[in-house]
2 protein chains.
Amino acid sequence: MPVPSQRYVRNHLLSILSPDDYEAIQSVAEGVALGRRDILIAANKSITHVYFLESGIGSEVAATPEGRRIEVCITGPEGIVGVPLLLDVDRTPHETFVQIEGDAVRVEATAFRRLIEERRLLRGIFAHYAYVAHLQTAGTALSNGSHTLEERLARWLLMCHDRVDGDEFPVTHEFLSTMLGVRRPGVTTAIHSLEGAGMIKARRSHVQVLDRDKLKAAAGDSYGVPETEYRRLLWARR
Amino acid sequence: MPVPSQRYVRNHLLSILSPDDYEAIQSVAEGVALGRRDILIAANKSITHVYFLESGIGSEVAATPEGRRIEVCITGPEGIVGVPLLLDVDRTPHETFVQIEGDAVRVEATAFRRLIEERRLLRGIFAHYAYVAHLQTAGTALSNGSHTLEERLARWLLMCHDRVDGDEFPVTHEFLSTMLGVRRPGVTTAIHSLEGAGMIKARRSHVQVLDRDKLKAAAGDSYGVPETEYRRLLWARR
DNA sequence: TTTCAACCGTACGATAGCGTACATTTCGGA
DNA sequence: TCCGAAATGTACGCTATCGTACGGTTGAAA
């Protein structure tokens, strides 16, 4: 698959690069389609590529040796999958997989390392994203520790909504329950509650956001901190 | 206060730098004493310095506009306080304060930026630490979402124990309750439970670790992932 | 030496979420 | 068109933790 010209690239980080930096990336990048559950970064294996999502969503999951899993960060077309490589780290105990299918521009690890080493501005922009990802993970820690399931669910739906086209996206209760680290029936009732308040519409394997403002209210202060910082650091940069 | 020679420096990151890199840092650094509750990085204000702790512990706290607070990461002499600066970010919504008093070597922000820009190896080592800090925050998210209070408390005590000299350190139940995002009486009973099992000894405003192995068992899989990665990435480097 | 604020112990009803089980609905493929 | 697996709805007793309140203890400062 071809890599789009910068004019048409949908990944926000790529779109704000200098034309020169973009060309440098383009010359070593390739386009790929991402299917649901594809593993982009496998746990404890060498990281082969970084991915700039053009559409779809990737999920980073923290795991313990005993097999406990929970989502700590999600990335869509606003970011980059493969933050460890940015930090000169070749592999990670976490796994990142495709939560919602889409397309991506990807760069092989060695080429990527060379690029960020040689290009200061490129490195700076990606570093900013790495920091926002840290804020998001910290926000997840905050939420997991002190918000109700309903608030956390609302936060999660908002974060997905930010990253997809349109108001609807595929997701099952079962999937949500492992991402949030709660029971599946707990998700079912929480979804009913949001649905009853007219914020969303749930159909088998899908959720549609009906009233984003109400959903924000339901999320309370669990939503917004990393989003604000993203805007401050990564909007309208060049 | 003077900055020690590399031979005697206690901060692990500084100790593994090349002599040349250390000298470069030393020439722009100063020694400071850190008192309990001193704020090293204030929320939403320009970051003035990075701190290499020589002793003591710093706490990074995520906060929302509404005032909700919870600890997401702690740093002792194994790390660096001021990760945002590493990532080219000048300020952050989080606050970092001194949890246990001690000493530090600190470097003014502008000088630090110049150093990491010019020195590739320095940048690499610090980037590795930034990644371990991300793992720790992710571990906090995992724990907050899926471990019991007793497991989380055990994890927290182990992480402190790793960073102080000796087996005893100052901490109040009240403080722990805000760090863990739980009720203060909840901490009291959890501490009693660990104490009853002979893992720790609690005195007014202090905790002493008696049996680290048992404490590890009590923490279950909440403890260990970032610690293992720290060893892989940052032990015996030069 | 006294005082008082900080710290700690404990209790009790309330509740969010758990673990589990099982029935029902939906949809894609044979 | 039918079947089976996946997804969803619901129920029930259980447990961890909450919110709150209050009394006891300790140690540093006056």
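The figures that follow rest on heavy atoms only: side chains count, while hydrogens, waters and symmetry mates do not.
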*asked:* Base of D:dG19, side chain of B:Arg183 - is there a donor-acceptor contact under 3.5 Å?
replied: yes
Whole Å only: how far is the [atom1] atom of [X] from the [atom2] atom of [N]?
X        : N      : atom1 : atom2 : value
A:Leu149 : D:dA16 : CG    : C1'   : 16 Å
B:Leu153 : C:dC8  : CG    : P     : 13 Å
B:His192 : C:dC8  : NE2   : C1'   : 7 Å
B:Ile200 : C:dC8  : CD1   : P     : 12 Å
A:Glu151 : D:dC18 : CD    : C1'   : 14 Å
B:Arg152 : D:dA16 : CZ    : P     : 15 Å
B:Glu150 : D:dT17 : CD    : C1'   : 13 Å
B:Glu174 : D:dG19 : CD    : P     : 13 Å

*If you measure from CZ on B:Arg69 to CE on B:Met179, what distance do you get to the nearest 0.5 Å?*
6.5 Å
_Determine whether a donor-acceptor pair (N or O, by modelled atom type, separation under 3.5 Å) exists between the side chain of B:His12 and the backbone of B:Leu234._
yes
*Does a salt bridge link A:Lys201 with A:Asp167, judged by any charged N lying under 4.0 Å from a carboxylate O?*
no
Decide whether [X] and [Y] meet the rule of one side-chain donor and one side-chain acceptor closer than 3.5 Å.
X        : Y        : result
A:His161 : A:Arg212 : yes
A:Glu150 : A:Ser193 : yes
A:Tyr131 : B:Thr92  : yes

*Could you identify which residues of residues 137-145 of chain B place a heavy atom less than 4.0 Å from some atom of DNA chain D, listed by residue number, or say none?*
none
*Taking all non-hydrogen atoms of both residues, which atom of A:Ala190 and which atom of A:Leu149 are closest, and how far apart?*
CB-CG, 4.2 Å
_For a quick check of understanding: with a heavy-atom distance under 4.0 Å over all strands, which category does A:Thr189 fall into, base, sugar-phosphate or nothing?_
nothing
*Indicate whether OP1 or OP2 belonging to C:dC7 is found under 4.0 Å from a side-chain N or O atom of B:His206.*
no
*May I ask you to verify if any side-chain N or O of B:His173 is less than 4.0 angstrom from the OP1 or OP2 atom of C:dG9?*
yes
*Can you give one letter per nucleotide of nucleotides 23-30 of chain C, going 5' to 3': B for a protein heavy atom under 4.0 Å from the base, S for sugar-phosphate only, - for none?*
--BBS---
*Applying side-chain contact (heavy atoms from CB on, under 4.5 Å), run through A:Val105 and A:Asn11 and close with a yes or a no.*
CA-CA 9 Å; A:Val105 171; A:Asn11 182 277; over 6 Å; no
*Qualifying side chain to side chain donor-acceptor pair (under 3.5 Å) pairs with a residue from residues 171-182 of chain B, counting only residues at least two apart or across chains*: B:His173-B:Thr188
